[in-house]
Each structure stands twice: as C-alpha cells, then as structure tokens.
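For reference, the structure is listed below as structure tokens.
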Amino acid sequence: MIARIPFTSCPLCAATTLKDVGSADCTRHPLYKPELPPTIAWRQCLACEHVFTDGYFDGTATALIFSGTHTHQQVGHDAERQRMVSARMVEKVLLHAKSGPWLDVGFGNGSLLFTAQEYGFDPVGVDLRAENVAVMNKLGIPAHCADLASLKLERPCAVVSLADVLEHMPFPKTGLAAAHRLLGEGGIAFISMPNRAAMLWRILDAQQANPFWGELEHYHNFTRERLYALLRETGFEPVSYGVSERYRACMEVVARKA
C-alpha cells in the first residue's frame, strides 16, 4: 500500500501544534485504487485553525489517481450547460480585467477557457492530465502538461484562474506564488473551492452527507477567512466574494495582485 507523506507541521503557517479532527472512508471515490489507503485522516492547526489531511501523496500515487479522469473533467463535457456556469464566473472577473492572456490552472472540461475566449481573453491552459492537454491543443487553445510552479509563459497573464485547484495542492502557498509570478501588474486571480465555514457545510455534516471529507484528491478544507489571509500573505488583495455554482458549498473569490 502507498502511504501518504506526513505533514509534520501546518502546510500553511508551519505551526506544529496540531490536533486530529476525524477520518473518512475514501474507497467509494471514483478514482480510488486498492493500492491507496482506504481512509483519509484530517487534522487542524491550533495556531491558524486550518484543516488539512495528515499527509499527501507522492508522484507515484498521484500518477495512479490521474490514470483515471472524472467524466465531468473531460474536455467538452456538458459544454452547453457549463458555458452558462462559466459565463457567470467570467463576468465576475470582467469587473476588474477586460482582455489579455487568461491562464486556467487545472482546466478540466475546458469550459472556463472556452468562455473566457468568447469574452475577448486569450486562453491558455495548464493541466496534469496529458490527454486533456492533447485535446485542448487540437482545439487550437495552447495548453501545457506541467506543474504550475515550473510553468513559463511568453506574456504576463491578465488573469490566472485556480478554480477548485488550491485544495488539491499539498502546499497551496507555492501555487499562489506561481500565480503571482505569472500575472502582470495589477493582474487578477480567480479562485474557487469549498468553504468549510458555510452553513451548508455544517448542514451536510449534520446529515452525514458531506462529500469533501472523503474526497481523495483534496488535501485542504479552507474557510473564507483562512483563504483571505493566505492570499494576503502571497501578495494578493481580495476584492470580491461569491458563491460558486460548480460544486456544493463552494465559494468564489476574486483577488488582485498587489
């Protein structure tokens, strides 16, 4: 069995005062493989109150998970309905940026890039699933199969979107630092993820129906407050908050490169 690499301290603030907050079965996750641990253990930092898994997967385990792809993450999936969802996301960004390169990190079904292009942005994608990257390039949209931290682009971005991405990164600060580097002066970051502080999250917990505790690909459960603090630590200033239509109990935040 492939074990997780333990977090010896909080992956956000590096504090070592941690407590266990529970565990969940992940064997029913669509991408679960028998070589992986059957449960996910969650911990909380007593210094900054962030909640995260007790460890993260190495490259071998990540490749095993990425050997499959959710149907909804395949390029072009449910394109007509997703276009409407993505349009409302783009319109939140339009209040702060009108044109230029839009980099979507972990672009999945590609809807956000397709829609941003309709609104006049120059779409660029990065994703760790090689088959999605190949399809996107065939559609004429430049896409890279690369880690965000090592990505280099010819032009500074006007927008970098991390839609339901940061919670997948063992160390989200590294991802935000890369986004900051890739953005031009005053560039915009668009971020979405589950909000552990939302009342809906608590209701799902009470109903024992919260899907995020058993989410195999997630390492973090953020609150709005903790996300805002991390954004400011990495050179961004949040400018708006909204509710996401993509997944349950999720938030959308627009932030400007300071």
Under a 3.5 Å distance rule, please check whether [X] uses its side chain to pair with a backbone N or O of [Y] as donor and acceptor.
X: Arg4; Y: Gly55; value: yes
X: Ser192; Y: Asp164; value: yes
X: Asp58; Y: Ala61; value: yes
X: Tyr219; Y: Asp54; value: no

In one Ile/Leu/Val/Met/Phe/Trp/Tyr side-chain cluster, 4.5 Å: Phe121, Leu112: yes
What about Tyr228 and Phe222, are their ring centers closer than 6.0 Å? no
Do other residues, nucleotides or ligands put more than 12 heavy atoms under 6.0 Å from [X] [atom1]?
X: Arg83; atom1: CZ; value: no
X: Glu49; atom1: CD; value: no
X: Glu35; atom1: CD; value: yes
X: Glu225; atom1: CD; value: no
X: Met1; atom1: CE; value: yes

Would you indicate whether the side-chain heavy atoms of Val126 and Phe107 approach each other to under 4.5 Å? no
Quick one: does Leu230's side chain get under 4.5 Å of Lys173's, heavy atoms only? yes
I need the Phe7 CZ to Cys45 SG distance, nearest 0.5 Å. 12.0 Å
Modelled atom types, side-chain donor and acceptor of Asn221 and Trp201, under 3.5 Å: no
If we count only N and O atoms by modelled type, under 3.5 Å, do the side chains of Asn109 and Ser111 hold a donor and an acceptor together? no
Let me check something: any side-chain donor-acceptor pairs from residues 138-156 under 3.5 Å, sequence neighbours excluded? List them with distances.
residue: Asp147; atom: OD2; partner: Ala149; partner atom: N; Å: 3.0
residue: Ser150; atom: OG; partner: Asp147; partner atom: O; Å: 3.0
residue: Arg155; atom: NH1; partner: Asp122; partner atom: OD2; Å: 3.2

Please list, one pair per line, the donor and acceptor atoms closer than 3.5 Å that link side chains of residues 94-106 to other protein atoms, with sequence neighbours excluded.
residue: Lys98; atom: NZ; partner: Leu94; partner atom: O; Å: 2.7
residue: Trp102; atom: NE1; partner: Ser161; partner atom: OG; Å: 2.9
residue: Asp104; atom: OD1; partner: Ser161; partner atom: OG; Å: 2.6

Ring geometry between Phe52 and His220 (parallel below 30°, tilted from 30 to 60°, perpendicular above 60°): tilted
Ring-plane angle category for His218 and His168, please: parallel below 30°, perpendicular beyond 60°, tilted otherwise. perpendicular
Anything under 3.5 Å between a donor and an acceptor, one on a side chain of residues 64-77, the other on a protein residue two or more places apart or in another chain? List them.
residue: Ser67; atom: OG; partner: Leu64; partner atom: O; Å: 2.5
residue: Thr69; atom: OG1; partner: Arg129; partner atom: NE; Å: 3.3
residue: Thr69; atom: OG1; partner: Glu131; partner atom: OE2; Å: 2.8
residue: His70; atom: NE2; partner: Glu217; partner atom: OE2; Å: 3.3
residue: His72; atom: NE2; partner: Tyr247; partner atom: OH; Å: 3.3

Restricting to pairs with a member in residues 36-48, which pass side chain to side chain donor-acceptor pair (under 3.5 Å), not counting sequence neighbours? Asp20-Arg43
Sorted by chain and residue number, the ring-ring contact (aromatic ring centres under 6.0 Å, His included) partners of Tyr241 (sequence neighbours excluded) come out as none
Report the C-alpha distance between Cys48 and Arg226 in whole Å, list the side-chain angles of each, state the deciding distance to 0.1 Å, and finish with yes or no for side-chain contact (heavy atoms from CB on, under 4.5 Å). CA-CA 8 Å; Cys48 74; Arg226 193 62 190 90; 3.3 Å; yes
Counting only pairs under 3.5 Å, give me each side-chain donor-acceptor contact of residues 8-17, with atom names and distances, residues two or more places apart or in other chains.
none

On a heavy-atom basis, which atom in Gly108 and which in Asn132 lie closest, and how many Å separate them? O-ND2, 3.4 Å
